[in-house]
Amino acid sequence: MKSRSTSTRMMAKKKFGKGVEQLTIQSIPHHKHSEGSAMVWACMAAIDTMVASGFTVGKSPTVHKDNLHPCNLLLTEDGACIYLSSAKAPKYTYAKLDSLKAGSVVNVYGVVVFFKQPFKSRGTDFCSSLKITDHSNEKIGCTIFCEKLEDHPKIFRNGDIVRMHRVKAQVFNKSITLVNTFGFSVVTFDGVKGAPVEPRTSSRSFHFDPDDQRTVEELRSWAASQALFASVTSTVPLSAVQPKAYFDLTCQLLAKAPVDTTCTLLRVWDGTRCPHTLLKVIVEPHVTEGQLSFSKERENLIADVLVYDNHVEVARKLKPGVFLRIYNLRAIAGSSTVPGLTRSQLQVDHLAFHLHGGTSYGRGIGILPDNSPDVQELKRYENDEEALSELNDSDLLEVWKTPPESLVFNDEHFSSVGWCLCSERSCGHDMQKVTLSEVKRSGLGRVHHVRAQLKAYEPHRLHEALKLYCSKCKSMQDVPDDELLESIFSEASKDCGPCSPPPWVLSGQVSLPRHAPGPSNRALTVYLLTQLMFEGSTLEEMCQLMASYQNIIPVRASGGHLSLFDLSAPFLFRALGIQPLQFILLMKLELQDATDTLDVFLWRHAVSFTFLLFGVRWD
DNA sequence: TTAGGGTTAG
């Protein structure tokens, strides 16, 4: 076996995988050399060329056991060499998507504008369906059949960039489509401009040179300038979920349990708190995989997701702890369609999450690798929540973690003082970043991504971020301290004088006790109004009573005495139009970039995360 | 071979 043609013919007897021809290389002691030396030329999947010289060809002693090639290459100790011919690696050329000819096998680059996670076909393979585009603006559908999931494109979001080798152009419904063919391989890249160009692939080796780097960066830049994704779904955290909406959820799986043959429960969280009350599904503890129960604080952050039909098989393979993106998840409020599963009938108005059967609109479950930027971001949120839980003893924190319900800011109020209001909104991370001056020019009600430098922020102490907010008139004020309270009373005392009280109020005079501070013999005007104090009522009952009575105060029996609830309990003085104030957290950031500066308000959870981020004092 | 994007109806 001295010639290249001989060796090539020999290797063709056996194939391993698709297009890979292989001989085993063994090292043996010098005295066992046999059958002369050989120079062998091998081509592995037409990618890497290897030249091996000074080897001995021998019969494989294990051919009947391993069913591999009948010959071995035996490595001698006298100058045998292997030449890995990276310089001779074929130079790939890539077809533009508007130049595809039916029947041709090509290599292509493209920006993903639609994709489905691999799903089981009716045949032997998993099937990936995607649509890609490039500078030509042609959009080409692609169908990838591979038996192994790891051979499929690792696409996580629209905008990702794929490079495919050896796909065949076919005509279907008068349009060109691409289907994988013999020797197919695919590599995927993050589509975010400026992100590292790191290939996602399970291949042990693949071709990548500076031209590829340039191509990826050019496609990123081009895609950023195009409106490519008119997608109806987007990645939304639990804190921004809207009932009835379809959305993509990036989350961590905490536990799972089969519900029946067509439905599996996934218990997930993303570190954010959904403002809606979430439906909780009952399952038998012995069928639950993962943690069975959680603290009350954590439970409030966990979403129960019901996945159906074809997704049950995918869910079966998931391990608790894994990071997921659930595509085309649906939030449904008022659901009573989980028979026998709800903990009580009171859950009928709670928010349920369903991953319906089928793959329409990319519906499916994808596993995110731990090193993906999305997972890193998720971990930051989750860690923040962990930190908050540990500090749960603080009264202040309790107030902080109890955001008022239905808190709605009035945009006009803030725009009138020239400040930009950043309310809690969802935004896809594939949004293009804009400059601060563009934000200022774009008007109210828009959602933006900006990258800017923090110039200043206030307050510097957490307790100063706590404000009192009126949901009725939208006003906001500092929490009064003793000094402020004193000045409020002092100011009000100057306005004392005769007035006409409402007819349902009794009025009179009382003398201050002799030992009271201030001038002696002072008399104060008093007004008496009827108040109802209720003991033992539920919140719901209190709310019902408020519709019928003017003034209501909830009370309790404490140590044999009548006492008030703590200040967080609602009370009502409708007679004088009093509206209980709510605690909120507010923080102001001053941002700057090359184009402008911008004052930004953060509120609710955004403040807590920012304080943690800045290491601001908690006292 | 398979699928060939375009919502379950729990």
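Naming: A, B, ... by sequence-line order, numbering from 1 per chain.
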Could you say whether the aromatic ring of F145(A) and the base of dA3(B) stack, counting only centre distances under 5.5 Å and plane angles under 30°?
no

D309(A) CG - dT7(B) C1' separation (whole Å)
13 Å

How would you list, by chain and number, every residue that makes a salt bridge (Lys or Arg N to Asp or Glu O under 4.0 Å) with R214(A), sequence neighbours excluded?
D211(A)

Rounding to an integer number of Å, can you tell me how far L355(A) CG sits from dG10(B) P?
15 Å

Where does the angle between the aromatic ring planes of H152(A) and F126(A) fall among parallel (under 30°), tilted (30 to 60°) and perpendicular (over 60°)?
perpendicular

Can you check the K131(A) NZ to dA3(B) P distance for me, whole Å?
18 Å

Rounded to whole angstrom units, what separation is found between the CG atom of D260(A) and the C1' atom of dG10(B)?
9 Å

Describe the nucleic acid contact of G358(A) in one word from base, sugar-phosphate, nothing, applying a heavy-atom distance below 4.0 Å.
nothing

Measure from CG on N173(A) to P on dG5(B) and round the result to the nearest Å.
7 Å

Based on the glycosidic angle (syn within 90° of 0, else anti), state the conformation of dG6(B).
syn

Identify whether a stacking contact exists between Y308(A) and dT8(B), where the ring centres must be under 5.5 Å apart and the planes under 30° apart.
no

Nucleotide dG5(B), atom P - distance to NE2 of H356(A) in whole Å:
22 Å

Under the rule for side-chain contact (heavy atoms from CB on, under 4.5 Å), what residues qualify as partners of A102(A), not counting sequence neighbours?
V171(A), I176(A)

How do R363(A) and G357(A) order along DNA chain B: which one's closest nucleotide is nearer the 5' end?
R363(A)

Here the distance between atom P of dT1(B) and atom NZ of K168(A), to the nearest Å, is 10 Å

Minimum-distance nucleotide to D125(A) side chain [options: dT8(B), dT1(B), dA3(B)]
dT1(B)

Of the listed nucleotides (dT8(B), dG10(B), dG4(B)), which one gets closest to any side-chain atom of T262(A)?
dG10(B)

Between residues 111-123 of chain A and DNA chain B, which residues have a heavy-atom gap below 4.0 Å?
F114(A), K116(A), F119(A), S121(A), R122(A), G123(A)

In whole Å, measure the gap between the C1' atoms of dT8(B) and dG4(B) for me.
22 Å

Listing, residues 186-194 of chain A side-chain donor-acceptor contacts under 3.5 Å, not counting sequence neighbours, or none:
unit_1: T188(A); atom_1: OG1; unit_2: K154(A); atom_2: N; d: 3.3
unit_1: D190(A); atom_1: OD1; unit_2: V192(A); atom_2: N; d: 2.8

F184(A) versus D151(A), closest heavy-atom pair with distance
CE2-O, 4.0 Å

Taking side-chain hydrogen bond (donor to acceptor under 3.5 Å, both in side chains) as the cut-off, I'd like each qualifying pair that reaches into residues 94-104 of chain A, sequence neighbours left out, listed once.
Y94(A)-H165(A)

Per atom distances to the Y361(A) side chain, the nearest of dA3(B), dG10(B), dG5(B) is dG5(B)

How many Å lie between CD1 on I332(A) and C1' on dA9(B), as a whole number?
8 Å

Non-neighbouring partners of P243(A) that pass side-chain contact (heavy atoms from CB on, under 4.5 Å), sequence neighbours left out:
H276(A), A333(A), L351(A)

